[in-house]
Amino acid sequence: MKIKQFSIIFLLLFVCSFSGLATISELSGSEITAESPIELFKANAKVHNIVTKSVKGYANVYNGYYLITGVFGVSENAHKFAGSLKNYGATPGYFKSPENGMHYVYLEHFSIGEDAISSYLNGKYKKKMWILHVENSKKNPSEIKEIVTPNFSKPAVLSHKQFVSAAKKYKIAARTVEDITFIDNGYYAVAGVFGDKNNVLKFVKKLKSKGLAVSTAENTDSKLTYVYLDHSKDWAGVLETARTQVNGKYGDKLWIMHIANEATSPGKSPAYTPIAFSAANSALFAAEKNVQRKSQKAPLNKILEKADEYFDKMWYAEAADLYESFLTNNKDNYTYEVIQKAGDSHYFNSNMERAYYWYDILYNRYNDDISAENIFKYAHSLKGTGKYARAKRLMRLYDRKVKKEGMRYSIEDPRTTPKEKVLDNILNTELEYTIRNIKTNSKYSDFSPMFYNEDQLVFASAMDSSFFSTRRYKWNNQPYLDLYVAKVNNESQEVKDAIKFSKKINTKYHEASVTFSPDNTTMYFTRNNYGKKLKRDKNGINNLKIYRSRKVDGEWAEATEVPFNSDEFSTGHPALSPDGKQLYFVSDRPGSLGETDIFVVDVYEDGGYSEPRNLGPDINTERKEMFPFITDKKLYFSSNGHIGLGGLDIYEVAFDDEKGFQEVKNMGKPVNSQKDDFSYIVNEGSQKGFFASNRRGGKGDDDIYSFSRLLPEELNLNAIEGVVTEQVTGELMPEALITLLDENNIKLKEVVSDKDGSFVFEDLDSNTKYTVKATKEGYSEVVLNTPTRENELINVAVSLEKLEDLIVLEEGIKKIKLNMIFFDFDKSNIRDDAAVELNRLISVMKENPSMIIKIESHTDSRGKAAYNKYLSDKRAKSTRAYIISQGIDPKRIESAIGYGEERLLNGCDGSIKCTSAQHQLNRRSEFIIVDM
């Protein structure tokens with residue numbers, strides 16, 4: 001059944017910041033001379049910043065003062081919202097306005113204005129209200145037929161789907177969280193999430209100083225504190241709080257957290273998943289729980305039982321082989337669950353070719369039932385095999401599925417912009433890199449490089465230098481990982497002579513992802529959670545932990561784990577800031593936004609740590625963010641949640657102390673590929689570094705690649721940039737089409753202005769003539785001649801004028817107002833600058849297809865009158881011919897006549913002395929609108 005869409009219209013309200021009802025003598029209005037009760041009511045309401053409105057002659061309600069809490073277009077929605085107000089000890093109701101047909105929901109009704117103000121200020125209802133004063137009603141209460149007080153015996157509750165629709169409409173970010181026990185079910189307008197208690201206190205103090213009612217709730221598992229400004233089990237009021245930013249008092253964006261525990265939510269709680277190292281998956285965090293589907297169960301034979309057993313243990317390499325055996329040449333076994341697990345086994349092992357094979361079968365067989373999650377993985381496997389066109393179509397389908405099931409992010413969030421447009425931009429971006437596969441790579445997995453000392457590289461590898469080792473990691477049938485150290489030639493970036501790092505650090509299980517303090521005396525790394533043997537959580541999963549070791553007398557000491565580890569979730573991939581004062585890491589701890597998120601803690605001088613802080617939804621997605629690396633300029637990380645080329649992609653995000661993290665950018669080709677690309681490290685000064693990838697052409701599963709990028713001084717700095725604004729208001733103009741032309745008017749490049757109106761054309765030739773043309777529907781075209789210089793950035797300001805503003809009324813005559821159109825002396829041909837102005841006229845005529853004009857050309861009085869008339873007539877005819885050549889029907893030009901000096905605008909007819917400027921006024925072309 002389709003649920004009827006509805007729209008809620010909320011009026012802008014002001015929240016009163018005073019606590020008592022002022023009397024007239026208390027008003028600062030010794031100047032107030034109001035005598036009537038209504039004037040006194042309005043004056044008192046104004047003192048308390050209460051919005052009021054007076055209406056007359058509402059025949060369906062009675063006179064008085066109504067505390068209005070909302071205005072709705074649909075009576076059903078008004079009824080539901082009125083029902084949600086019954087808990088405030090009042091008598092709520094609603095009525096239909098005879099003026100606009102809207103349904104006004106009120107909390108209470110009063111006969112006296114001061115009673116309404118007093119209830120407004122001192123009542124239990126602390127959300128937005130305003131007071132409607134009704135007078136001159138033509139009926140007594142007993143005569144009113146329309147229901148004023150609805151029957152609330154069965155309180156109506158607005159559905160969550162309606163909330164999702166409304167949040168999307170108002171572009172408010174929202175997220176549903178299940179199985180959270182530290183806070184009651186309902187909707188929360190969240191202002192911030194903090195790990196550090198001191199930061200919570202500072203933030204709360206700041207909000208209270210603005211007169212805001214602030215509440216907090218701490219997640220006892222993650223130790224994160226949520227600061228929120230509104231809460232209700234019904235979402236309407238909370239949405240309005242977020243939409244108006246508490247009526248402008250907060251002044252920043254709020255997002256809504258929907259808590260839906262098992263008792264009130266039909267969905268199952270998401271499982272927290274562990275970090276797991278994988279050669280082919282590049283130490284990816286373990287896969288999400290399988291989506292449960294209603295499907296016919298496959299026959300329970302030993303092969304399938306063993307495959308499921310391996311799959312549940314996340315031994316994907318062996319599980320994939322068994323699923324292949326079970327399904328090959330046996331289509332009777334093609335159930336939804338088995339095909340999905342076959343695809344997942346390859347997907348989590350980064351074998352995108354086989355993952356695509358099975359997901360394609362799943363999609364074609366179970367098209368109507370396939371989940372958004374499986375569509376996402378299918379699209380990733382398509383990108384991983386280079387099928388980008390089809391991947392775009394699948395991502396559009398994924399977007400529709402996500403929106404249907406509930407928007408997770410604001411519509412303006414970069415993660416919900418059209419995927420194919422963003423993907424095209426990434427595919428068209430290829431930076432100048434030199435990339436080489438290093439010599440120390442083995443046939444196994446080598447990844448997670450890190451700079452050490454001045455000429456060494458520490459990295460993780462499964463090369464296992466013991467010839468007799470038979471231990472294998474069941475995820476992908478690779479040896480366990482150890483840390484290795486090798487020498488680096490800083491010029492050629494060749495890496496050689498790799499040896500195991502330290503016997504005190506390496507164990508019989510996994511060690512990887514290392515980071516060092518600035519003085520190289522402290523290191524952090526990731527290791528399996530184990531004592532005498534591997535430890536497992538309540539789900540049987542062995543999680544990962546971060547360990548710290550200090551150098552004592554030139555040797556690394558026994559490592560100890562950091563205090564923010566847990567046996568119940570994974571913590572890994574540490575990365576220290578350049579000053580060693582902050583430690584970034586990856587975790588799937590409770591409170592994470594996605595499968596794995598990037599967190600940060602402060603590292604204190606005494607060796608302690610702050611509470612972990614989530615980097616937030618601008619960095620973290622609902623999927624995997626991993627392998628952070630931080631410099632003094634940028635954060636680099638890998639993700640499969642942001643839009644990319646396939647598998648894990650590497651992203652960069654600039655930051656500064658004031659603005660924090662900026663826009664997340666995909667690093668494009670050749671750093672990113674169709675496969676997994678990750679663990680990127682770089683020296684910002686030299687722009688040299690290393691990363692890992694399982695792309696084709698490597699020596700093994702994951703290989704480490706060195707890279708060098710052209711330094712800024714080696715780059716072509718010639719560029720033209722600008723900002724597009726609206727000519728009258730100065731407002732920024734996004735989505736204007738900006739075209740770059742050469743001196744022969746041949747199109748070279750084309751871009752669309754960003755949401756801040758900006759655009760840029762890079763890698764241009766020095767000392768070259770270019771033309772910038774800007775167009776936008778409903779606006780006049782702008783053409784600017786913009787030559788470049790030598791390795792210099794040229795700034796241009798583009799101001800677009802609304803076409804409708806070109807139509808003016810002068811002395812009762814409608815005209816199209818253009819800038820002066822110039823002709824060469826004694827000639828009538830259309831010059832380039834005249835063509836620019838005439839193109840504005842043509843745009844207006846195309847915008848108004850029924851418009852008919854006439855052209856009048858005039859000269860000044862200098863020269864012979866007969867010749868002036870002849871020349872002006874030729875210019876009028878030339879103007880007409882140009883307009884027709886640009887696609888305007890000749891029938892739309894009623895006439896084109898030159899009047900010479902017959903219609904002077906001033907007295908400059910030769911009888912008096914006039915300046916050049918005065919004569920200039922008479923040399924003009926006019927375009928008079930005959931009909932529209």
Side-chain angles (χ1 to χ4, degrees), residues 193-196 219 221-224 272-277 282-286 447-451 458 460 481 483 505 510-518 522-529 543-549 559-604 607-616 618-621 623-631 634-639 641 648 650-651 653 655 661 678-681:
V193 184
F194 300 87
D196 191 310
N219 186 333
D221 292 328
S222 67
K223 304 301 182 184
L224 294 176
Y272 296 113
T273 55
I275 305 174
F277 287 108
S282 317
L284 295 181
F285 280 56
F447 67 98
S448 201
M450 182 55 61
F451 301 119
V458 175
L481 298 162
L483 293 176
I505 302 300
H510 283 306
E511 282 80 30
S513 300
V514 64
T515 187
F516 297 95
S517 62
T522 302
M523 66 178 292
Y524 296 85
F525 63 94
T526 311
R527 175 188 283 170
N528 291 101
N529 178 21
N543 292 304
L544 299 180
K545 292 185 174 182
I546 293 176
Y547 288 79
R548 180 179 67 183
S549 175
T560 57
E561 62 175 278
V562 296
F564 45 88
N565 288 329
S566 172
D567 291 340
E568 298 304 317
F569 53 78
S570 281
T571 307
H573 300 183
L576 277 168
S577 60
D579 60 7
K581 294 182 179 180
Q582 289 185 312
L583 181 66
Y584 292 78
F585 63 92
V586 175
S587 181
D588 59 352
R589 63 189 55 226
S592 297
L593 304 180
E595 297 172 34
T596 58
D597 285 4
I598 300 175
F599 293 78
V600 64
V601 294
D602 297 322
V603 181
Y604 299 140
Y609 306 91
S610 68
E611 294 294 328
R613 302 186 297 276
N614 190 300
L615 293 195
D618 291 335
I619 305 293
N620 294 314
T621 68
R623 298 192 179 278
K624 294 182 176 74
E625 278 66 49
M626 315 179 77
F627 295 102
F629 177 75
I630 188 82
T631 70
K634 294 180 180 180
L635 169 70
Y636 300 89
F637 65 96
S638 292
S639 171
L648 287 173
I650 297 168
Y651 298 83
V653 52
F655 68 91
F661 290 111
F678 55 99
S679 60
Y680 179 98
I681 63 172

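Reckoned from all heavy atoms, side chains included, excluding hydrogens, waters and symmetry mates.
Residues Asn620 and Leu593 approach most closely at CB-CD1, 4.1 Å, considering heavy atoms. Ser610 and Asp602 make their closest contact through OG-N, 2.8 Å (heavy atoms, listed as atom of the first residue, atom of the second, distance). Residues Pro612 and Arg589 approach most closely at CG-NH1, 3.7 Å, considering heavy atoms. For the residue pair Pro628 and Ala575, the shortest heavy atom distance occurs at O-CB, 3.2 Å. Contact detail for Ser570 and Ser587: the closest heavy-atom pair is O-OG, 2.7 Å.
Remark: Asn565 CG to Phe585 CZ distance equals 8.5 Å, nearest 0.5 Å. Remark: Met523 CE to Phe525 CZ distance equals 5.5 Å, nearest 0.5 Å. Note: Glu595 CD to Glu625 CD = 9.0 Å, rounded to the nearest 0.5 Å. Atom OG1 of Thr515 sits about 9.0 Å away from atom OH of Tyr524, to the nearest 0.5 Å. Interatomic distance, Leu583 CG to Arg548 CZ, rounded to the nearest 0.5 Å: 10.0 Å. Considering CG of Asp597 and CG of Asn614, their distance stands at 4.5 Å, rounded to 0.5 Å.
Side-chain contact between Thr522 and Ser549: absent, with no pair of heavy atoms (C-beta onward) separated by less than 4.5 Å. Side-chain atoms of Pro578 and Ile630, non-hydrogen and from C-beta on, do get closer than 4.5 Å to each other. Between Asp618 and Val653 there is no side-chain heavy-atom pair separated by less than 4.5 Å. In this structure the side chain of Pro449 never reaches within 4.5 angstrom of the side chain of Val458, judged on heavy atoms. Using a 4.5 Å heavy-atom cutoff, the side chains of Gln582 and Val601 are not in contact. Between Thr596 and Met626 there is a side-chain heavy-atom pair separated by less than 4.5 Å. By the 4.5 Å heavy-atom criterion applied to side chains, Leu615 and Leu635 are counted as neighbours. Phe627 has its side chain out of reach of Ile650: every pair of non-hydrogen atoms, C-beta onward, lies at least 4.5 Å apart.
No donor-acceptor pair closer than 3.5 Å links the side chain of Ser592 to the backbone N or O of Gly594. Distance alone, capped at 3.5 Å, is enough to place a donor-acceptor pair between the Ser679 side chain and the Ser448 backbone. Side-chain atoms of Thr526 do not come within 3.5 Å of backbone N or O of Ile546 as any donor-acceptor pair. A side-chain donor-acceptor contact under 3.5 Å links Ser639 to the backbone of Lys624.
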TODO: Dump the intermediate steps for side chain to side chain contact (heavy atoms under 4.5 Å, CB included) on Ile681 and Phe451, then the final yes or no.
DONE: CA-CA 8 Å; Ile681 63 172; Phe451 301 119; 3.8 Å; yes

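Annotation: cation-pi pair Arg613/Phe599 absent, no NZ/CZ under 6.0 Å from the ring centroid and within 45° of its normal. Both tests hold for Arg527 against Tyr547: distance to the six-membered ring centre under 6.0 Å, angle to the ring axis within 45°.
Ring pair Tyr609/Phe564: centre-to-centre distance below 6.0 Å.
Classified by interplanar angle (parallel below 30°, tilted 30° to 60°, perpendicular above 60°), the ring pair Tyr651/Phe637 is parallel.
Between Asp567 and Lys545, at least one side-chain N (NZ, or NE/NH1/NH2) sits under 4.0 Å from a carboxylate O, which counts as a salt bridge.
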